[in-house]
Amino acid sequence: MCKRTGIILLVSGPSGSGKTTLCRRLADEGEAVYSTSCTTRPAREGEKHGHDYHFLTREDFEKRVAADEFIEYAEVHNNLYGTLKSEVMDHIVAGTDVVMDIDVQGADLVRSCAEPSIREALVELFVMPPSEDELRARLTGRGTDADDVIELRMKNAIEEMSHWHKYTYRLISATREEDYNSFKALLSAERLRTSRITNP
Ligand code: 5GP
């Protein structure tokens with residue numbers, strides 16, 4: 001039986017691009033494990049600790065930074081966010097694909113990471129909305145954030161979108177189904193790479 005190493009499917013894009021929905025669906029359908037990040041931001045209504053995020057105090061987060069527990073971490077919208085090694089490393093060695101939803105700064109850090117198993121596993125995708133008007137409509141429509149938070153996210157989104165060219169793949173979002181089909185097609189193709197085969 002052919003064995004292969006797991007893929008790290010790193011997905012970035014502005015809030016409202018639909019990337020979290022794509023990543024979650026992939027995990028819900030059993031195609032990949034979702035890397036649950038740590039954050040110091042407060043939980044939104046309905047979010048569960050350990051599922052949506054590991055919600056930490058800044059002090060706890062900083063302790064984990066000092067203990068070298070993160071692959072990457074970054075300050076986003078005035079809060080810390082980070083990916084734990086424990087959410088990723090064992091899975092890729094075991095041949096399980098991992099999907100992670102992280103910002104452009106985190107992606108820069110993962111891309112420049114010295115660890116060969118991470119570099120070889122990495123597949124990067126940037127998801128973006130078709131227009132700024134569509135992005136604003138999606139951010140407003142979600143109804144979970146106050147106006148000043150939406151304005152901050154809009155400003156950050158426009159800056160964030162300028163980084164798309166650093167990614168190997170870009171998806172301009174259309175309908176949920178079309179986006180998901182493209183997303184899965186990307187994963188299927190990446191699974192066929194000969195460089196991932198460990199036991200030919
Ligand atoms: P939200 O607060 O809306 O859940 O996420 C805000 C931003 O933080 C999003 O762009 C999301 O991709 C990013 N993010 C979530 N987890 C991580 C992480 O572990 N590391 C980094 N660098 N960014 C993250």
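No hydrogens, no waters, no symmetry mates; every other heavy atom, side chains included, goes into these values. Position 1 is the first residue of the sequence, and the numbers go up from there. When a ligand or atom number is given, it counts from 1 through the structure's own listing order.
Going from atom CG of D60 over to atom CZ of F55 covers 14.0 Å, rounded to the nearest 0.5 Å. The structure places CG of D101 at 3.5 Å from OG1 of T20, a figure rounded to the nearest 0.5 Å. In this structure, NE2 in H163 is found 8.0 Å from CD in Q105, a value given to the nearest 0.5 Å. For the atom pair OG1 of T198 and CZ of R4, the computed distance is 9.5 Å after rounding to the nearest 0.5 Å.
Every atom of ligand 1 with a heavy atom of A74 under 4.0 Å away is listed here by number and element: 22 (N). Contact atoms of ligand 1 toward R41: 1 (P), 2 (O), 4 (O) (distance under 4.0 Å to a heavy atom of the residue). Using a 4.0 Å cut-off to heavy atoms of G106, the atoms of ligand 1 that qualify are 22 (N). Close approach of ligand 1 to V76 (heavy-atom distance below 4.0 Å) involves ligand atoms 7 (C), 8 (O).
For Q105, the heavy-atom gap to ligand 1 stays at 4.0 angstrom or more. Heavy-atom distances between Y53 and ligand 1 reach below 4.0 Å in at least one pair. Heavy-atom separations between R153 and ligand 1 include at least one value shorter than 4.0 Å.
With respect to the salt-bridge test (charged N to carboxylate O, under 4.0 angstrom), the residues R44 and D52 do not qualify. Under 4.0 Å is where a charged nitrogen must lie from a carboxylate oxygen, and between E134 and R138 at least one such pair does. The residues E177 and R25 are annotated as salt-bridged, a charged nitrogen and a carboxylate oxygen being separated by less than 4.0 angstrom. A salt bridge does not link E120 to R193: none of the charged nitrogens lies less than 4.0 Å from a carboxylate oxygen. Note on E124 versus K166: no salt bridge recorded, every NZ/NE/NH1/NH2 to OD/OE distance being 4.0 Å or above.
Nearest-residue assignment for atom 14 (N) of ligand 1 (options T20, L109, I71, D101; heavy-atom criterion): D101. Nearest to atom 19 (O) of ligand 1 by heavy atom, out of P14, G13, S37, is S37.
Closest heavy-atom contact between G106 and E72: CA-OE1, 3.2 Å.
Geometrically, ligand 1 and G82 share a nitrogen or oxygen pair separated by less than 3.5 Å. Inclusion of R44 in the set of residues having an N or O under 3.5 Å from an N or O of ligand 1 is warranted. Between T83 and ligand 1, at least one pair of N/O atoms sits closer than 3.5 Å.
Neither the backbone nor the side chain of E75 has any atom closer than 4.0 Å to an atom of ligand 1 (non-hydrogen atoms only). Looking at D103 against ligand 1, both its backbone and its side chain come within 4.0 Å, counting heavy atoms. In E72, the part holding a heavy atom less than 4.0 Å from any atom of ligand 1 is the side chain.
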